[in-house]
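Heads up: the structure comes next, in structure tokens.
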Amino acid sequence: MACVCSRTRKAAGKAAVAGDRMQEKYPFYEIEPKWQAWWDAQQAFACDTRTTQPKFYCLTMFPYPSGSMHVGHGRNYIMGDVLARYKKMRGFHVLAPMGWDAFGLPAENAAKKNGTHPKSYTYGNIAHMKEQIRSWGVGYDWRREIATCHPDYYRWTQWIFLQFLKMGLAYRREAPVNWCELCTTLANEEVTAEGTCDRCGRPVAKRNLKQWFFKITAYAPRLLDDLSQLQAWPEKVRQMQANWIGRSEGARVQFTITETGDPCPVFTTRPDTIYGVTFMAIAPEHPLLQKLLPGSAQEADVRAFIERQALIPAAERAADATAKEGVFSGFHVTNPYTGGAVPLWVTNYVLMDYGTGAVMAVPAHDQRDFAFARKYQLPVRVVIQNPEAPLTADDMAAAFEDNGTMIDSDQFNGRPNREALRDIIQHGQDQQFAAFTTNYRIRDWLISRQRYWGAPIPVIHCPQCGIVPVPEDQLPVLLPDDVDFQSERGNPLANHDGFRHTTCPTCGGAAERETDTLAQWLCSCWYFLRYVNPRDNTQPFDKADVAHWLPVDQYIGGVEHAVLHLLYSRFVVKVLHDAGWCRYAEPFTALFTQGMICKRADDGKLYKMSKSKGNTVSPDELIANYGADTLRLYTLFIGPPEMDAEWQDAGIQGPYRFLNRLWRRVWETHDLLRAAAGTPPVLAHMARPERDLYRKLHQTIQSVTDAIENGFRFNTAIAQAMELLNALDDLKVTEASSAPAKAVYRATLENLVLLLSPFVPHMAEELWVEMGHQPGVMQAPWPTCEQAALAADTVEVVLQINGKVRGKIELPAGVSREEMEQSALANPQVQKHLAGLTVKKVIVVPGKLVNLAAG
RNA sequence: GCCCGAGUGGCGAAAUGGCAGACGCAUCGGACUUAAAAUCCGAAGACGGGUCACUCCGUCGUGUGGGUUCGAGUCCCACCUCGGGCACCA
């Protein structure tokens, strides 16, 4: 214990201590390492998951070990640490773990470039980043540290894959997939709206490849519906997920090829326009064409068109600006509602992977169909009449997409279109050529990658038995170390004969291992479960423990994961729930997405901190110059935590000065504080100035608590603490002050240290001991607000005339409305402004304000 | 095009419909110092006015234009700019 408190120094004499400790700048370089070591020695953040105390699972998104972090990364961990420390003081048993999302491309690229093995590269980076996190003063239960690249972890990632396979939720198929030259295959979620790779920015092309998918589409309705349970998530994230899942209600209608009778179903949200169909538009990739075309009259034209479209990148073809093009197929389709036939066109504006790849075209009521019809002189047929300005097909300059009255639609004529919509589908359903359908935009999740540095997909391809899962007791399928990274021939794993050749677990014959690895997203989809039982060698996690600790009470991370990690994790947990492994269907009760830290780059513009922009700020130097507490305080003070913020180097001065002032106050008044230790403040004994300070203290306790609890408003919490210190200075307590004044002074500093301890833990620990307490400020209870202390004798009442402030008066607390009104009218300032006016109305806000409406 | 979010001093920002600019940065003035740094005290939205001076007074002011209200940064309507998500999704 002697190592942590300052008693040894004090033994040398108070004067010497004061001289030593009251130096110009507080010695953060001494106290910060000291307390970090003490937290380690005390296992201050160790969490016993078998506890029965109220639990709080505080999780910050774990990082990819890229090598080193900048101050922007720190915001995430610091906020989580503030919350964890605060919850501990509120009596919760807090689980705050940390780990590494350690599979991924940079390690493999480094291997290619420098010859470093991905394993040593990754573990080297982890060691450095762990040191950085430690130097920030962020506390975790490091006994629970995990790295997704460790065989003890990825063994269970592979196990999860096998559960999906068992449940029919993992499958392999050949399909056009997103392809990035560097990152290999990509999930749709990893492709930006511009058609580039989310990770490296290269253009993404479509390639036909045999790949592994997870059937996330089967969970689309639940993933969407359950968003409504996530009330403690940012509205923005829920909307982004809802957009991504993209539900639309409509009908599936069975058209048929007139010439052959082949079915050609469509999905439509506008069956009310079905009597206005004048052609059918299908995607060039539509499989029906391969059946119809051979030997047909238009075959050559159509094939030429299809081949030309195949060469155009998907992003370009999907762009709004791309002109609509098409070619007549030579075939027709029969509309089951009318019995009539319309021509079948192959077009570039219909997407094969949404709906059925075929669209019933209604030029009169759909702008895209309209543009196409005008270009190719196809007929326009109005079936929804505009009640305000009747439409004629020949004169229309644009499609009429609003609501109106149905015409030329058999028995539905005369009805408002929206109202008839259900009946139209019902009619088709009764006649068995249509059905109510819900369509989703989300596609299945592509999870295989042609990369070495990932968890091998645990299946074996047997020429006799087909795809055979690796038996669970043979997991993990280990990643071999001895691979050739210099080879240009694709996935290094595929070139490793020792890995590839194996025997079939079913028939014992020669077989080949799958050489694709799992996308790192799958590794990070379940890590929050593993933290509960990180060293369990018999199962991924313990059901009972996880039932107690999950869902995560507070998850903190960047909004960039809104439709990647956060959607995938929800999906995986739902599947595990269905498999009986998890009791809950949602992993994260509350989510907080922090804003990014930006900085002006050399071009004067503001960018998110990144190595490529050269606008990063390293925490290492700042911690060396100002200390971790100052860096933490500035990071939190910079602005509202959910908003992006601009890092300004000079801004750190404010928090630094504040902490130095706090430090000096405690050390300057060392004797006074010690002497006052035995006498708690008593309201009745206080004179006006100390009662005001005492009230301010309790107001601060109230507002800081509220700021942390409601909305993570750390910036205002810190401002409140600064105000309290300013108020404390104003009181000017000295040795000569009264005993009650000294008691209030001590109580204020003591509580200020407690209130600040989650934010600046090292200084708080040090000052806490200095004020005579046992080490371990986190064991102290969080301050509580005394209602009696909040009461004031007088209130300041604002006097307004027609909403403009004309004076202020001090009145006794609890003053009546009538007294307030009379005092206002009697006020000389008010009378002056009222000269020549008559008061028409008096508004009184009790204890606050009188407004006289006069004219 | 659709759906979110933001717009307040030189800057970061704060304000349950009730004193706009708390808190902090930068700036300026003063004290301390041989000097500087640090620290402490003080000033400060803009424009105009008044006084020897201090206290002071007026007008304007939260992206723009309307509205509701005794009273609007805050609520409503329309619009502008910036950021994010979705988008030939049938």
Side-chain angles (χ1 to χ4, degrees), chain A residues 23-25 192-193 234-248 250 266-270 273 281 283 317-324 347-351 353-362 365-369 371-372 401 439-442 559-560 562-563 595 606 633-634 637-640 642-658 660-661 664 713 715-726 729 796-808 829 832 839-845 848-855:
Chain A
Q23 49 202 286
E24 272 189 5
K25 297 295 173 215
T192 66
E235 174 63 23
K236 182 184 171 173
V237 174
R238 285 185 288 157
Q239 268 182 6
M240 284 168 74
Q241 292 207 357
N243 274 345
W244 186 258
I245 297 166
R247 168 150 57 199
S248 54
V266 298
F267 172 75
T268 179
T269 55
R270 294 294 306 274
T273 64
R317 207 178 103 192
D320 213 1
T322 303
K324 291 172 181 45
T347 70
N348 65 341
Y349 75 95
V350 174
L351 308 173
D353 53 2
Y354 183 78
T356 64
V359 171
M360 60 176 223
V362 186
H365 305 295
D366 182 288
Q367 187 53 38
R368 297 157 300 183
D369 300 340
F372 190 85
E401 296 183 334
N439 214 27
Y440 292 89
R441 205 194 70 94
I442 191 171
V559 74
E560 65 273 16
V563 288
L606 205 56
L633 205 60
Y634 178 55
F637 187 63
I638 197 166
E642 72 281 8
M643 305 253 282
D644 289 354
E646 181 187 343
W647 186 272
Q648 298 187 55
D649 291 324
I652 202 165
Q653 290 300 334
Y656 187 51
R657 284 181 196 140
F658 169 72
N660 273 301
R661 267 174 71 204
R664 273 196 308 273
R713 294 172 354 250
N715 54 329
T716 56
I718 293 164
Q720 300 281 349
M722 288 172 166
E723 277 191 60
L724 184 61
L725 186 63
N726 292 346
D729 279 2
E796 191 184 53
V797 174
V798 174
L799 307 179
Q800 293 185 337
I801 293 170
N802 293 330
K804 290 191 176 177
V805 179
R806 296 303 183 191
K808 291 169 197 177
Q829 284 294 325
K832 194 176 110 193
V839 176
K840 291 178 177 157
K841 193 172 174 185
V842 181
I843 288 95
V844 178
V845 181
K848 275 196 171 166
L849 172 141
V850 179
N851 187 15
L852 305 169

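Each chain gets a letter, A, B and so on, in the order the sequences are listed, and its residues count up from 1.
Counting to the nearest Å, the C1' atom of B:rC40 and the CZ atom of A:R661 are 10 Å from each other. A:I718 places its CD1 atom 18 Å from the P atom of B:rG12, with the value rounded to the nearest Å. One can place CZ of A:R657 at 5 Å from P of B:rA26, the figure rounded to the nearest angstrom. When rounded to the nearest whole Å, the span between NZ of A:K840 and P of B:rG71 equals 12 Å. Taking atom NZ of residue A:K841 and atom P of nucleotide B:rG71, one finds them 9 Å apart after rounding to whole Å. The CH2 atom of A:W244 sits 10 Å away from the C1' atom of B:rG85 (whole-angstrom rounding). Between the OH atom of A:Y656 and the P atom of B:rA37 there is a distance of 16 Å, given to the nearest Å. Taking atom CG of residue A:L351 and atom P of nucleotide B:rA87, one finds them 10 Å apart after rounding to whole Å.
Proximity of A:S248 to the phosphate of B:rA90: a side-chain N or O atom is located under 4.0 Å from OP1 or OP2. OP1 and OP2 of B:rA72 both lie 4.0 Å or more from every side-chain N or O belonging to A:K804. A close approach under 4.0 Å does not occur between any side-chain nitrogen or oxygen of A:R441 and OP1 or OP2 of B:rA90.
Here, B:rU51 and B:rA46 have their C1' atoms 22 Å apart, quoted to the whole Å. Here, B:rC76 and B:rG18 have their P atoms 15 Å apart, quoted to the whole Å. Between the C1' atoms of B:rC54 and B:rG66, the separation comes to 44 Å (whole Å). Taking atom P on both B:rA13 and B:rA6, the two are 13 Å apart, rounded to the nearest angstrom.
Closest to the side chain of A:F637, from the set B:rU39, B:rG84, B:rC23, is B:rC23. For A:K324, taking side-chain heavy atoms from C-beta onward, the closest of the listed nucleotides B:rC88, B:rG85, B:rC23 is B:rC88. Candidate nucleotides B:rG12, B:rA22, B:rC57 were compared by shortest atom distance to the side chain of A:E723, and B:rA22 ranks first. In this structure, of B:rA22, B:rC4, B:rA15, it is B:rA15 that holds the atom nearest to the side chain of A:R713. For A:F267, counting side-chain heavy atoms from C-beta on, the closest listed nucleotide (B:rG18, B:rA14, B:rA90) is B:rA90. Each of B:rC23, B:rA26, B:rG85 was ranked by its minimum atom distance to the side chain of A:Q653; first place goes to B:rA26.
When each of A:R270 and A:P640 is assigned the nucleotide of RNA chain B with its nearest heavy atom, A:P640 is the one assigned upstream, toward the 5' end. Of the two residues near RNA chain B, A:V845 and A:G639, the one whose nearest nucleotide lies more 5' is A:G639.
Base pairing of B:rA46 is made with B:rU59, judged by Watson-Crick or G-U wobble geometry with both donor-acceptor distances under 3.5 Å. A 3.5 Å limit on both hydrogen-bonding distances identifies no Watson-Crick or G-U partner for B:rG21. Using the Watson-Crick or G-U wobble rule with both distances under 3.5 Å, B:rU39 pairs with B:rA31. Shown here, B:rU74 forms no base pair; nothing in the strands shown gives a Watson-Crick or G-U wobble contact with both key distances under 3.5 Å. Within the shown strands, B:rG1 is the pairing partner of B:rC86 under the Watson-Crick or G-U definition, both distances less than 3.5 Å. Here B:rU8 sits opposite no nucleotide as a Watson-Crick or G-U wobble pair (both hydrogen-bonding atom distances under 3.5 Å).
No contact: A:V842 has no heavy atom under 4.0 Å from any strand. Nucleic acid contact for A:N851: base, since at least one base atom lies under 4.0 Å from a heavy atom of the residue. Using a 4.0 Å heavy-atom distance criterion, A:E235 is classed as making no nucleic acid contact. Residue contacts shown for A:R806 are limited to sugar-phosphate atoms, with no base heavy atom under 4.0 Å away. At the heavy-atom level, A:N715 lies under 4.0 Å from the strands shown only through sugar-phosphate atoms. At the heavy-atom level, A:E796 lies under 4.0 Å from base atoms of the strands shown. Using a 4.0 Å heavy-atom criterion, one finds that A:V805 contacts the sugar-phosphate atoms exclusively. If you check every strand for non-hydrogen atoms under 4.0 Å, A:N726 touches sugar and phosphate atoms only. Within the nucleic acid shown, A:A717 has no heavy atom closer than 4.0 Å to any nucleic acid atom. Nucleic acid contact for A:I638: sugar-phosphate only, since backbone atoms but no base atoms lie under 4.0 Å from a heavy atom of the residue.
In this structure, B:rG9 is classed as syn because its glycosidic torsion stays within 90° of zero.
Pairing each heavy atom of A:V559 with each of A:V237, the nearest pair is CG2-CG2, 4.1 Å. A:V266 and A:T356 make their closest contact through CA-OG1, 3.4 Å (heavy atoms, listed as atom of the first residue, atom of the second, distance). Considering every non-hydrogen atom in both A:R317 and A:V350, the closest pair reads NH2-O, 3.2 Å. The two residues A:K324 and A:F372 have their closest heavy-atom pair at CB-CD1, 4.0 Å. Scanning both residues, A:Y354 and A:S248, for their nearest heavy atoms gives OH-OG, 3.0 Å. In terms of heavy-atom proximity, A:H365 sits nearest to A:R270 at O-NH1, 4.2 Å.
The base of B:rC86 has none of its N or O atoms less than 3.5 Å from a complementary donor or acceptor on the side chain of A:N243. No hydrogens or angles were tested; on distance alone, a donor-acceptor pair under 3.5 Å links the side chain of A:K808 to the base of B:rC19.
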Close N or O pairs between protein and nucleotides 46-50 of chain B (under 3.5 Å):
none

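At a threshold of 4.5 Å between non-hydrogen side-chain atoms, the residues A:M360 and A:T273 count as touching.
Between atom CD of residue A:Q720 and atom CG of residue A:N715 there is a gap of 10.5 Å, rounded to the nearest 0.5 Å.
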